[in-house]
Structure formats: C-alpha cells, structure tokens
Amino acid sequence: ALFTDQRAEDEYTYYRRKCDARDLTTKNPNDLVLSPNATTEEAYDHQLMHGFSIFPGVLSEDVIRDLRAYVNSRNRKLSEEESIFVIENENRFSFGLGTEEPSVAAAMKELATHHQLRPALERILGDEPALIEMTAITSSYGAVDQYWHDDVVSHASAIQFGRTFGPSYSVFIQLQNTTKEMGATDACPGTHACVSGDIEGYCEREGFQVVDSRTGYWRAGDALLMNMNSYHRGTAHTDPNAPD
C-alpha cells in the first residue's frame, strides 16, 4: 500500500494539464442544480462535466431539524480530540458524526435510499461505494474566507494515477437555508480536470457561491455532490443576524 516515488514513476497515467478560465464549465450556479426528474445517466453526464451537481431534497425536514439540533448541541463543547481541523479554523467547528446518534442514522438512511443520488453515485463509482468519513462542518459569524483548494491532491488521485487510485467524492448537505453572507460554498466548476496552471487565480475571478439566484440561498436538504479534485472553498460568515 506504500505509494513510493518508483510507483509514482511507473504508474503515472495522465499528463499535467494546465487549466485556465476557458475550462470553467458554467458561471451560473443554477446550472449545477439537477432537475428532480433527471435520469441517472443525465446526473452522471452532469457530474462528469461540471464536477459539481446539486440533488434537490435529499434530506427531509424532520431529519434536517433533528440533525441540526444535534450538531448545534455539540459544536461549542468539543474536546481537542473530537475537533477536526478545517482551513481558517477560527469560528468554524467540525467533528465526526457517529451512527449511534439517531438523527445521524436517519440522515444516513435517507442518503442511502434517495431515488436520484444513490443510482447516480453507483453509476459513477460502481455498486455500494464506500463511505470514508461523515462529518459536520459549521461556520459561525466571524469566519473568514478559506483559500481555494481541492480535497484530494492531483499527485495522489485518479486524475494522474488512473490505475492506482479510485475517484473520491464529497456530498455537502445544508442543514438550514444558507445565504451568501452566511458563507455558502464557493465552486469553480470544471477544475476536476485540472492539474496545474493558475487555478486559484482564475477561480478567484470566475468562481461563484452555490446559491440559487432566484431565492438567494442554498436550500436546506439539497445535496451538492462534488468531485474532490474540484476547486472550492468555504466563504466568510458576515451576517451577525444569521444563524450558524
């Protein structure tokens, strides 16, 4: 299992493709939202194009309410061992979600049985894809912008070593309607195909927050499926009157 320099040389499968603003697949956050009637094949094609896909209504209102209450009850009581570091950690909280908590188990069940998300994940990753971790991340007033980043570096992922590593995805689900001022995630669609170039620079210029332009927020319960090679960031929570 040790990925040595020699293995990296022998198993390399992809060139170091430079990205620029022409690789941005959309500048409209509404383009990332799948139709509730989208087929598995349409969801698959959408994800491979953008690296970001929003599946509407993955969690129910009751589950959202109970899980949010549980997360809130833990955030400011976390021990050093329980806390998970995130970029720009001040005024952000993160910890692992264990399935012994009923609200977490209920959310897991809805995720695993969702009529659109599950078939799409299995179309992308194969039958019964593995769950690596499940965590809560909270941004409170005063949190600042993270820097643009990917969550799986290209030199240790399927983007450059297609026979060595499997692809990894994250599913982000809001537990309340989240506005731009509350720190809705910034996305830079198309960067899951990039390895080098001024990616951070053009994402700073061309990226956007994942907020519906018609409502002004990312709706509670909607799930953002993200290729972990995609560039993204948590943004600042600047609204003193808004919740965590």
Side-chain angles (χ1 to χ4, degrees), residues 1 3 11-17 19 23-26 28-59 63 97 99 104 107-135 137 148-174 185-195 199 203 207-208 210 212 218-219 221-234:
F3 194 56
E11 298 172 25
Y12 190 71
T13 60
Y14 194 52
Y15 59 98
R16 290 185 58 83
R17 181 171 178 276
C19 263
D23 292 286
L24 197 74
T25 54
T26 182
N28 183 353
N30 294 351
D31 288 343
L32 302 183
V33 182
L34 289 167
S35 162
N37 300 318
T39 66
T40 298
E41 204 63 25
E42 287 170 340
Y44 171 75
D45 290 340
H46 184 277
Q47 174 58 216
L48 293 191
M49 173 183 286
H50 296 297
F52 296 90
S53 301
I54 296 176
F55 293 76
V58 170
L59 294 185
V63 167
L97 292 170
T99 53
V104 178
M108 292 282 288
K109 183 175 181 180
E110 291 191 345
L111 277 167
T113 58
H114 190 264
H115 71 281
Q116 204 175 35
L117 178 60
R118 178 175 179 138
L121 280 172
E122 292 191 330
R123 175 67 177 88
I124 295 166
L125 294 168
D127 292 342
E128 299 184 2
L131 177 69
I132 298 172
E133 68 171 340
M134 189 169 181
T135 62
I137 302 175
W148 287 96
H149 62 280
D150 51 0
D151 286 342
V152 178
V153 293
S154 62
H155 55 269
S157 73
I159 195 169
Q160 290 192 72
F161 297 92
R163 291 192 295 265
T164 308
F165 296 99
S168 297
Y169 288 79
S170 287
V171 182
F172 296 154
I173 307 174
Q174 302 302 293
T185 300
D186 258 338
C188 200
T191 47
H192 59 305
C194 298
V195 176
I199 303 174
C203 287
F208 53 81
V210 184
D212 190 314
W218 177 353
R219 190 178 65 170
D222 288 358
L224 173 66
L225 176 66
M226 183 191 76
N227 184 309
M228 291 177 71
N229 286 109
S230 300
Y231 273 69
H232 64 286
R233 66 175 178 176

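Just the heavy atoms: all of them, side chains too, but no hydrogens, waters or symmetry mates, feed the values below.
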Closest heavy-atom pair, Ser154 versus Val195, reported as atoms and distance to 0.1 Å, is OG-CG1, 3.6 Å
How far apart are the closest heavy atoms of Ala158 and Gly166, and which atoms are they? CB-C, 4.2 Å
Report yes if the side chains of Val33 and Arg219 come closer than 4.5 Å at any heavy-atom pair, otherwise no. no
Could you tell me if the side chain of Trp148 sits less than 4.5 Å from the side chain of Ile199, heavy atoms only? no
Could you measure the distance from the OG atom of Ser168 to the CG atom of Asp150? Nearest 0.5 Å is fine. 11.5 Å
Taking all non-hydrogen atoms of both residues, which atom of Val171 and which atom of Leu117 are closest, and how far apart? CG1-CD2, 4.4 Å
Would you call Arg163-Glu11 a salt bridge at under 4.0 Å N-O? no
Taking His192 for its side chain and Leu48 for its backbone only, find out whether a donor-acceptor pair lies under 3.5 Å. yes
Atom pair CZ/OG1 of Phe161 and Thr13 - distance to nearest 0.5 Å: 7.5 Å
Which heavy atom of His114 sits nearest a heavy atom of Val58, and at what distance? CD2-CA, 3.6 Å
Any side-chain heavy-atom pair from Pro189 and Phe208 closer than 4.5 angstrom? yes
So which heavy atom on His115 is nearest to which on Pro36, and how close? NE2-O, 4.0 Å
Taken to the nearest 0.5 Å, the spacing of Asp45 CG from Thr40 OG1 works out to 11.0 Å
With a 4.5 Å heavy-atom cut-off, do Asp23 and Thr191 have their side chains touching? no
How many angstroms lie between NE2 in His50 and OG1 in Thr25, if you round to the nearest 0.5 Å? 4.5 Å
Phe52 CZ to Thr26 OG1 distance, which is reported to the nearest 0.5 Å: 12.0 Å
Contact check, side chains of Met108 and Leu131, non-hydrogen atoms, under 4.5 Å: yes
Considering the options Leu225, Asp151, Val152, which one meets the side chain to side chain contact (heavy atoms under 4.5 Å, CB included) requirement together with Tyr169? Leu225
Can you find a heavy atom in the side chain of Asp222 that is under 4.5 Å from one in the side chain of Asp212? no
Does any non-hydrogen side-chain atom of Thr185 lie less than 4.5 Å from one of Met226? no
Quick one: does Glu122's side chain have a donor or acceptor within less than 3.5 Å of a partner on Glu128's backbone? yes
Looking at every non-hydrogen atom in both residues, tell me the closest pair between Gly190 and Cys194 and how far apart they are. O-SG, 4.1 Å
Would you say the side-chain atoms of Arg118 pair up with the backbone N or O of Thr113, donor to acceptor, closer than 3.5 Å? no
Indicate yes or no: at least one non-hydrogen side-chain atom of Ile124 is less than 4.5 angstrom from one of Pro167. no
Which residue, Glu42, His46, Gln116, forms the side chain to side chain donor-acceptor pair (under 3.5 Å) with Ser53? His46
Pick from His232, Glu133, Met228: which one makes a side chain to side chain contact (heavy atoms under 4.5 Å, CB included) with Ser170? Met228
Gap separating the NZ atom of Lys109 from the CG atom of Leu59, nearest 0.5 angstrom: 13.5 Å
